[in-house]
Amino acid sequence: MIPVNEPRIGPREQEYVMECLQTGWISSEGRFIQAFEQAWADYCGMKYGVAVSNGTTALQLAVACLDLQPGDEVILPTFTIISCAQAITYNGGTPVLVDSDPLTWCMDVNQVEAKITPRTKAIMPVHIYGHPVDMDPLWAIAKKYNLVLIEDAAEAHGGEYKGVHCGSLGDLSCFSFYANKIVTTGEGGMVLTNSETHAARVQSLRNLCFQKERRFYHTALGHNFRMTNIQAALGLAQVENIEASVEHKRWMAREYGARLDQYKLLQLPVEKEWAKNVYWMYGMVLDPASGMTAADFAKRLAGRGIMTRPFFLGMHEQPVFLNRGWFVNEKYPVAEHIARQGLYLPSGLALNMDQLEEVCQVVGEELAAGQ
Ligand SMILES: Cc1ncc(COP(=O)(O)O)c(C=O)c1O
């Protein structure tokens with residue numbers, strides 16, 4: 001089987017992790033936490049980094065900084081992971097959805113302004129599969145309506161919008177460092193911000209709102225969303241190598257593109273002129289004229305030893321939200337189409353040329369066989 005993801009763990013990662021084991025700094029204190037937070041904040045171009053347990057908790061704590069009141073709204077793409085929507089609901093807010101751009105698969109920024117109400121507090125752009133969201137229109141809307149921008153850059157480590165790194169395009173940005181991410185800590189996440197107030201709030205919330213003056217005295221309720229020193233050690237070594245990792249993803253995209261572009265039934269990833277796409281995962285959308293859904297095609301590929309993953313299913317199609325009476329009868333045709341026809345190919349940092357060529361060969365054969 002060619003796996004959909006395989007991380008790249010080098011000697012520096014082993015060295016740093018061993019240091020934790022040898023010195024006994026294995027929980028959430030130790031030199032690597034701050035070093036990793038600072039290295040990632042510096043790389044992305046933000047002032048403060050607060051490491052947390054995963055990308056889902058990063059989003060939850062970033063949204064907590066909004067102090068949402070029941071009925072307050074946050075606009076986000078329907079086509080994303082549930083972590084984004086539940087960060088809003090767990091903080092008492094209401095998610096409001098927009099459809100995707102048919103080419104980048106990111107939120108269609110032209111639909112945002114029509115969704116603004118007096119209750120709108122924030123917009124949450126999500127850079128999908130490594131391609132940045134078109135931020136200029138969002139900045140204009142945020143300014144006009146005094147909204148906070150919470151960027152979900154979990155999938156776009158190293159990506160750029162008009163030469164500026166993803167993760168420094170909003171008021172707060174959130175990252176995941178899950179094993180399939182470009183920078184991984186196994187499990188892990190981070191919130192970046194230039195606001196000292198937000199950073200202090202996230203730091204407090206991730207650690208049970210312990211007070212500096214008297215530890216077991218609480219004026220608020222928090223969580224244990226801490227990252228361990230071992231994870232941060234892994235992450236620091238990964239950040240030191242990020243340029244090579246991003247280059248590997250871009251190499252992968254060039255090579256996939258060169259071989260798959262001939263198939264008119266496949267819609268391949270794009271890179272807008274204002275974007276640096278890091279191709280976190282090499283996605284594609286299958287034309288229904290192929291006679292197959294993505295699930296049919298994935299089954300065929302799996303039968304030939306090629307693992308894939310389906311695209312997201314929109315938030316407006318999730319029973320957990322429909323059962324609450326949300327998004328009923330809302331239609332987002334682009335998200336619905338790509339949810340049914342989209343999948344991504346093996347895209348890990350350990351993917352080599354032989355594997356990539358085999359994937360392309362099998363994709364071509366199975367496309368022909370499916371017709
Ligand atoms: C866009 C996006 N946001 C958030 C997350 C959640 O991150 P985690 O799995 O670390 O909780 C993911 C996970 O893959 C993601 O792709």
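Read the numbers this way: they start at 1 and go in the same order the structure lists the ligands and their atoms.
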Look at the rings of F312 and Y129 and say which category their plane angle falls in: under 30° parallel, 30 to 60° tilted, over 60° perpendicular. parallel
So for N180 against ligand 1, with non-hydrogen atoms under 4.0 Å, the contacting part is neither
- Under 4.0 angstrom from ligand 1, any heavy atom of T57? no
Among non-hydrogen protein atoms, atom 11 (O) of ligand 1 lies closest to T56 OG1, 2.6 Å
Of all protein heavy atoms, the one nearest atom 9 (O) of ligand 1 is S176 OG, 4.0 Å
of all protein heavy atoms, closest to atom 5 (C) of ligand 1 is I81 CG2, 3.8 Å
S347 (side chain) donor-acceptor with L345 (main chain) under 3.5 angstrom
yes
Which of W280, W40, Y43 passes ring-ring contact (aromatic ring centres under 6.0 Å, His included) with H157? Answer is W40
Check E113 with K144, please: is the shortest side-chain N to carboxylate O separation under 4.0 Å? yes
Quick note on ligand 1: atoms under 4.0 Å from a heavy atom of N54 include exactly 10 (O), 11 (O)
### Task
Would you check whether S83 reaches within less than 4.0 Å of ligand 1, judged by its heavy atoms?
yes
A student checking ligand 1 against L59 at a 4.0 Å heavy-atom cut-off should list atoms 4 (C)
**Item:** Contact check, side chains of F32 and I230, non-hydrogen atoms, under 4.5 Å
**Value:** no
Please say whether G55 places an N or O atom under 3.5 Å from an N or O atom belonging to ligand 1. yes
Proximity flag E187 to ligand 1, non-hydrogen atoms under 4.0 Å:
no
Min side-chain heavy-atom separation L286-Y263 under 4.5 Å
no
Looking only at protein heavy atoms, what sits closest to atom 13 (C) of ligand 1 is K181 NZ, 3.3 Å
| message | Would you say that D136 contacts K162 through its side chain, given a criterion of any heavy-atom pair below 4.5 Å between the two side chains? | response | yes
Ranked by distance from atom 16 (O) of ligand 1, the top protein heavy atom is E155 OE2, 2.5 Å
In ligand 1, the atoms that come under 4.0 Å of a heavy atom of V126 are 1 (C)
Q. Is the H223 ring parallel, tilted or perpendicular to the F225 ring (thresholds 30°, 60°)?
A. parallel
Is the F210 ring parallel, tilted or perpendicular to the H218 ring (thresholds 30°, 60°)?
tilted
Counting heavy atoms under 4.0 Å, the part of D152 that contacts ligand 1 is side chain
Exercise. Would you say ligand 1 has an N or O under 3.5 Å from any N or O of W280?
Worked result: no
Per side-chain contact (heavy atoms from CB on, under 4.5 Å), Y279 is matched among H131, E271, H248 by E271
Contact check: Y178 vs ligand 1, nitrogen or oxygen atoms, below 3.5 angstrom
no
